Amino acid sequence: MDRDTKKKMINEYKQTKHRAGVYRFVSRETGKYVLAASMDLRGIQNKYQFAIKMKSPGALPWIMADEASKYGLDTIELEELELVDIKDEMTNDDIKEELEVILELWQEKLAELEE
């Protein structure tokens, strides 16, 4: 790959809007879940698909890997709960702040549902 092509690809990647948001892995068998936020939901989705394709629960968070080992990978779901509305003027720090707020709101919401 020549230098200009590589530079162009890097610039295109930087211009790509990332999907940031709150997600959770859920066991349909027990209801256990892992709630988290990510600046790269596509990466999380890819990791989940990789775990399924390779039949390897080790690619999942350890609580979900344990659930998958007991009940099967097909009992684990990945849910995207809320996306950050990323605006052009937002910096990565702005997006991270927004993610923290959204994650906290989802923690509270799910805690209320468990009561």
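When reading the values below, keep in mind they use all heavy atoms of this one structure, side chains included, and skip hydrogens, waters and symmetry mates. Model, not experiment: these values are computed from the prediction.
- When hydrophobic residues (I, L, V, M, F, W, Y) are linked wherever their side-chain heavy atoms come within less than 4.5 Å, the members clustered with F50 are M54.
- Here the straight-line distance linking atom CD of E108 with atom CG of L103 works out to 10.0 Å at 0.5 Å rounding.
- With sequence neighbours excluded, the residues satisfying side chain to side chain donor-acceptor pair (under 3.5 Å) with T30 are S27, E67.
- A distance of 11.0 Å separates CG of N46 from NZ of K53, quoted to the nearest 0.5 Å.
- The minimum heavy-atom distance between P57 and A65, with the atom names listed, is O-CB, 3.1 Å.
- Taking Ile, Leu, Val, Met, Phe, Trp and Tyr as members and joining any whose side-chain heavy atoms lie under 4.5 Å apart, directly or through other members, the hydrophobic cluster of V34 also contains Y23, F25, L41, I44, Y48, I52, L60, W62, I63, M64, L73, I76, L78, L83.
- What you find for A20 and I86 is that their closest heavy atoms are CB-CD1, 4.1 Å.
- By the side chain to side chain contact (heavy atoms under 4.5 Å, CB included) test, D4 is found to be paired with D2, residues two or more places apart in sequence or in another chain being considered.
- Scored by the side chain to side chain donor-acceptor pair (under 3.5 Å) test, E29 finds no partners at all (sequence neighbours excluded).
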- Message: Assess the residue pair E82 and L105 against the criterion (side chain to side chain contact (heavy atoms under 4.5 Å, CB included)); give the C-alpha distance rounded to whole Å, side-chain angles, the decisive distance to 0.1 Å, and a yes or no.
- Response: CA-CA 10 Å; E82 189 169 344; L105 291 171; over 6 Å; no
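- Remark: L99 CG to W106 CH2 distance equals 14.0 Å, nearest 0.5 Å.
- The local environment of CD in Q107 is crowded, with over 12 non-hydrogen atoms from other residues, nucleotides or ligands closer than 6.0 Å.
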- Task: In sequence, state the C-alpha distance, the side-chain angles, and the governing distance for K96 and D94, and then conclude on salt bridge (Lys or Arg N to Asp or Glu O under 4.0 Å).
- Result: CA-CA 5 Å; K96 287 176 186 174; D94 294 336; over 6 Å; no
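- Applying the side-chain hydrogen bond (donor to acceptor under 3.5 Å, both in side chains) rule to pairs touching residues 72-81 yields R19-E80, R24-E79, R28-E77, sequence neighbours excluded.
- Distance CD1/I102 to CD/E97: 12.0 Å, rounded to 0.5 Å.
- One distance of note links OG of S38 with CD of Q45; it measures 11.5 Å at 0.5 Å rounding.
- Taking CG from L81 and CG from L35, the interatomic distance works out to 6.5 Å, rounded to the nearest 0.5 Å.
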